[in-house]
Amino acid sequence: MPTSDDVMQLASECAARVNLPRRRRRYPNFAEVEEQCPEEYEELLVLLHEDEIFAPADLDRQEDVVRIVQIALPEHLQRLVDELVDNQAAQVWLQQEGAFHLGVAIGLRIAQLAPPTPAEDADDESYLDE
């Protein structure tokens with residue numbers, strides 16, 4: 001199972017490759033980061049997939065289940081399944097974008113903090129390591 005140090009190491013390698021914008025009030029979006037460090041980002045995802053919570057989904061099976069449910073419904077209700085799937089996908093992307101931007105904002109705040117003392121650093125336990 002990956003530790004928070006493993007995840008942060010890969011995230012740091014990815015972040016080191018991101019070109020920072022010239023305008024200080026504009027930050028790179030997720031697509032720009034993913035485009036600028038695709039190998040590191042893919043390695044980060046692979047590492048996260050080792051955790052059972054983030055195990056890769058079987059997309060073919062999900063599509064089969066959606067088709068089975070859709071066919072089982074009366075014709076006038078079948079389009080609701082498409083609407084449900086589209087809405088779910090939009091919500092997942094929204095949450096991912098929100099998490100990304102929140103992570104950037106928190107990272108900027110953390111970067112402004114004084115570095116921890118060696119004693120504070122030793123006492124700091126990460127929730128990912130539990």
Side-chain angles (χ1 to χ4, degrees):
M1 177 181 286
T3 67
S4 60
D5 288 338
D6 298 331
V7 173
M8 286 307 301
Q9 177 65 35
L10 286 171
S12 295
E13 290 171 15
C14 186
R17 296 202 48 200
V18 173
N19 297 322
L20 295 178
R22 293 181 186 186
R23 292 177 21 216
R24 291 176 87 56
R25 294 208 178 257
R26 186 190 170 282
Y27 300 97
N29 64 34
F30 180 75
E32 291 169 331
V33 170
E34 191 176 24
E35 182 180 300
Q36 292 178 32
C37 56
E39 293 85 18
E40 291 87 350
Y41 183 71
E42 184 63 29
E43 189 176 348
L44 179 61
L45 292 180
V46 167
L47 183 69
L48 288 173
H49 282 312
E50 291 178 16
D51 188 321
E52 65 186 40
I53 294 173
F54 302 110
D58 184 344
L59 297 180
D60 291 332
R61 177 65 183 146
Q62 288 181 12
E63 289 175 6
D64 289 343
V65 170
V66 167
R67 276 188 240 113
I68 291 167
V69 169
Q70 196 169 32
I71 291 169
L73 291 171
E75 191 173 328
H76 71 282
L77 295 177
Q78 289 181 2
R79 69 176 179 268
L80 292 176
V81 174
D82 289 331
E83 186 179 329
L84 177 64
V85 169
D86 290 346
N87 187 47
Q88 176 66 24
Q91 289 303 309
V92 168
W93 280 105
L94 174 68
Q95 290 174 8
Q96 290 174 341
E97 281 291 310
F100 169 75
H101 287 91
L102 179 60
V104 170
I106 290 170
L108 291 170
R109 289 190 67 198
I110 290 171
Q112 294 174 356
L113 298 174
T117 65
E120 291 172 331
D121 203 24
D123 291 339
D124 188 22
E125 290 290 326
S126 170
Y127 71 93
L128 290 177
D129 291 334
E130 294 175 352

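A single hydrophobic cluster is seen to contain both V69 and V66, as judged by linkage of ILVMFWY side chains at heavy-atom distances under 4.5 Å, directly or through other members. Side-chain heavy atoms closer than 4.5 Å link hydrophobic residues (I, L, V, M, F, W, Y) into clusters, and following such links, even through other members, never connects W93 to V85.
Residue pairs meeting the side-chain hydrogen bond (donor to acceptor under 3.5 Å, both in side chains) criterion with at least one partner in residues 55-66, sequence neighbours excluded, are D64-R67.
Taken from CD in Q70 to CG in L77, the straight-line distance is 10.5 Å, to the nearest 0.5 Å. Summarising the geometry, atom CD belonging to E34 is positioned 11.0 Å from atom CG belonging to L44; distances are rounded to the nearest 0.5 Å.
In this structure E35 satisfies the side chain to side chain donor-acceptor pair (under 3.5 Å) test with no other residue, sequence neighbours excluded.
Partner E83 forms a side chain to side chain contact (heavy atoms under 4.5 Å, CB included) with one of L80, D86, N87 and no other, that one being L80.
Nearest heavy-atom pair, R79 versus H76, reported as atom, atom and distance to 0.1 Å: NH1-O, 3.6 Å.
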